Novice: 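Sharing a structure, written as structure tokens. Questions coming.
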Amino acid sequence: MMPFSRRLALLATTMIIAAGTLLPAGISRARAADYRDRLAEDEVVYFLLPDRFDNADTANDTGGLGGGLGGDRSVTGYDPTDSGYYHGGDLKGLIRRLDYIQGLGATALWVGPVFKNKAVQGAPGHQSAGYHGYWITDFTHVDPHLGTDDDFKALVDAAHARGMKVYLDIVINHTADVIQYKECVGKPCPYRSKADYPYTRKGGPAGPAINAGFQGDEVRTEENFVRLTDPAYAYTPFVPEAERHVKAPEWLNDPRYYHNRGESTFKGESSLYGDFGGLDDVMTEHPAVVRGFIDIYGAWIDRYGIDGYRIDTTRHVNPEFWQAFVPAMLERARAKGIPHFHIFGEVADTDGRVAILARHTRVDKLPAVLDFAFRRAVVDTVAGTKGTDRLALMLDGDALYEGGEDAARQLPTFVSNHDHGRFAYFARKAFPQAGEDEILKRVILANALMFTQRGVPVVYSGDEQGFSGGEDRAGREDMFGSRVASYNAERLVGTTATTATPSFNPDHPLYKALAEMARLREAEPALRRGRSVLRYAGEKPGLFAVSRIDPATGREVLVAVNTGTQPVSAQVEVGAQWTSFTALHGSCGPAPTAPGSYAVRVAPLDYVVCASGEAS
């Protein structure tokens, strides 16, 4: 007979899953059923790291690694008081908060990596845990800290029942740090280039001959790579006995499938071949690796019916890999009945250079990349003092993406993320004397640009509750009550609350503002699918105006924002055929001043949205 405690846990899980499938008011079964038909640009995405979102099952906090909640954190990875360790969030917690997420207006979840990670890694005194999900050992199962494979299936099913999509964060560039080098155990391993340490010599050009007949990694054939039998060309790699079979699938335990050239400098050749902070850099040129990852991630589509992949560190993988991987994933999704499987890569260029981003859509053939150019432009103008022509320059770059402006509408746009900090952090840093009301207005305005301009808006969990953390760990606050002192000392925007108490308040001014933006975006096809026509930009903070044109009806939706601290008034060009306009947000005049000329007035750090009515 099943023990009472086990029956109780099973009942609790069933109740959480059932709660996750209940549809909130206003969401019909018909609408829930048509989610597969939506294009990528129709979505509003909510991004979260499961460990930091909500804890519905304390039994999995230590990942089953022993010692209970008071166990050794260097073994379990669990320490809810330290920002670098697991805090207890799990997939069941995410399921029970779907009402909250959907109430914000989100139509898709971007879930941080859920795969089994190496719980703790790093040199003594510099250890931290894989709570974020990017130190994968087992690519085939869910990390026990987050729950089970069945929990992930329950999440996807619950989201789909509501008409929400699920995008999964995946990693290919590297695995957890398992492989060691005999030449530098316990110390840094500098990068060793292909010229100085060729594949066919051991330890440099003058070393003994190895890998006879191997013609280099640019000849990507089975016949060539079968000759690469000895991985000790630059360093002598080895796997500690205790971790000989820690990775899954099993082929990932073989050092031949890694570059083994030491630490990346993130420049030149090492950007593709070097270890990312000690993480084992996978040899993605190898045909067996290409096949292996196609099998791994194709299986997640087959098993769970997910709706897209966000790909980590894409710029550090050779283009030829993506040219094979992306079509294979799209075909696998189509076979599963998923016609609009969305794939977007992380090309982390904090300078926001469009040419760098666009290259990966043209050469690598990625369908989309995270829009770091949009983020940079918004930070520079709304959390900075640059003119609004900076925003116009970003839009000018849309022609560079493979597919031009049509492709740009599929780029996930964001103002905050888990690596580079929250927008509120940069606003406070740029305007240290600003009052809280001004910071709130700047955060709202940044999000208004994200929701009304081309691209797919991505809300990073906690932004809607006023979180204001900085880069990396500082911006990975807990949504459930936190025990991290630095998080709880953080001054949140728009509230006197702290992260010490759960942050799921639907009455927070930012939650309400973003929910309004999401409703407006859903109601107006022009804001989702419309082409962008620049109407006004200047060399100083102030007015920025863009018309979004509905491709089906020609309806014009004029968006005017004021990045300055003084009111602005101006005449902007609109379609000469329009005789009336309606306010969708803010104050809009009822008619053009003259055919083709419309007067806009925008308060400081505010925005208006005006839609055309009748045509002449």
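Since the structure is predicted, the reported quantities are computational estimates derived from the model, not experimental observations.
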Novice: I'd like to check the side chain to side chain contact (heavy atoms under 4.5 Å, CB included) partners of Thr62; sequence neighbours left out, ordered by chain and number.
Specialist: Leu69, Thr76, Tyr78
Novice: Can you name the side-chain hydrogen bond (donor to acceptor under 3.5 Å, both in side chains) partners of Gln323, sequence neighbours left out?
Specialist: none
Novice: Is the distance between the ring centroids of His87 and Tyr85 less than 6.0 Å?
Specialist: no
Novice: What pairs with His145 under side-chain hydrogen bond (donor to acceptor under 3.5 Å, both in side chains), at least two apart in sequence or on another chain?
Specialist: Asp143
Novice: Which pairs, with at least one residue in residues 299-318 and sequence neighbours excluded, count as a ring-ring contact (aromatic ring centres under 6.0 Å, His included)?
Specialist: Phe115-Trp300, Phe152-Trp300, Phe152-Tyr304, Phe266-His316, Phe276-His316, Tyr297-Tyr309, Trp300-Tyr304, Tyr309-Phe341
Novice: Determine whether the aromatic ring centres of Trp110 and Phe47 lie less than 6.0 Å apart.
Specialist: yes
Novice: Please enumerate all residues that pass side chain to side chain contact (heavy atoms under 4.5 Å, CB included) together with His286, with sequence neighbours excluded.
Specialist: Phe225, Tyr257, Met283, Ala288, Val289
Novice: Only counting residues at least two apart or in another chain, list the ones meeting side-chain hydrogen bond (donor to acceptor under 3.5 Å, both in side chains) with Arg483.
Specialist: none
Novice: Tell me, please, which residues at least two apart from Lys118 pass salt bridge (Lys or Arg N to Asp or Glu O under 4.0 Å).
Specialist: Glu243
Novice: Just to verify, what does Pro144 make a side chain to side chain contact (heavy atoms under 4.5 Å, CB included) with, not counting sequence neighbours?
Specialist: Lys116
Novice: Do Phe139 and Phe293 have their ring centres less than 6.0 Å from each other?
Specialist: yes
Novice: Which residues pass the salt bridge (Lys or Arg N to Asp or Glu O under 4.0 Å) test with Asp82, sequence neighbours left out?
Specialist: Arg73
Novice: Is there a side-chain contact (heavy atoms from CB on, under 4.5 Å) between Leu370 and Val347 once you walk through the steps?
Specialist: CA-CA 7 Å; Leu370 283 165; Val347 180; over 6 Å; no
Novice: Considering residues at least two apart in sequence or located in another chain, which fulfil the salt bridge (Lys or Arg N to Asp or Glu O under 4.0 Å) criterion with Arg332?
Specialist: Asp302
Novice: Under 6.0 Å between ring centres: does that hold for Tyr273 and Tyr258?
Specialist: no
Novice: Asp90: which residues meet the salt bridge (Lys or Arg N to Asp or Glu O under 4.0 Å) condition with it, sequence neighbours left out?
Specialist: none
Novice: Taking only residues two or more places apart in sequence, or in another chain, which ones meet Asp295 in a side-chain hydrogen bond (donor to acceptor under 3.5 Å, both in side chains)?
Specialist: none
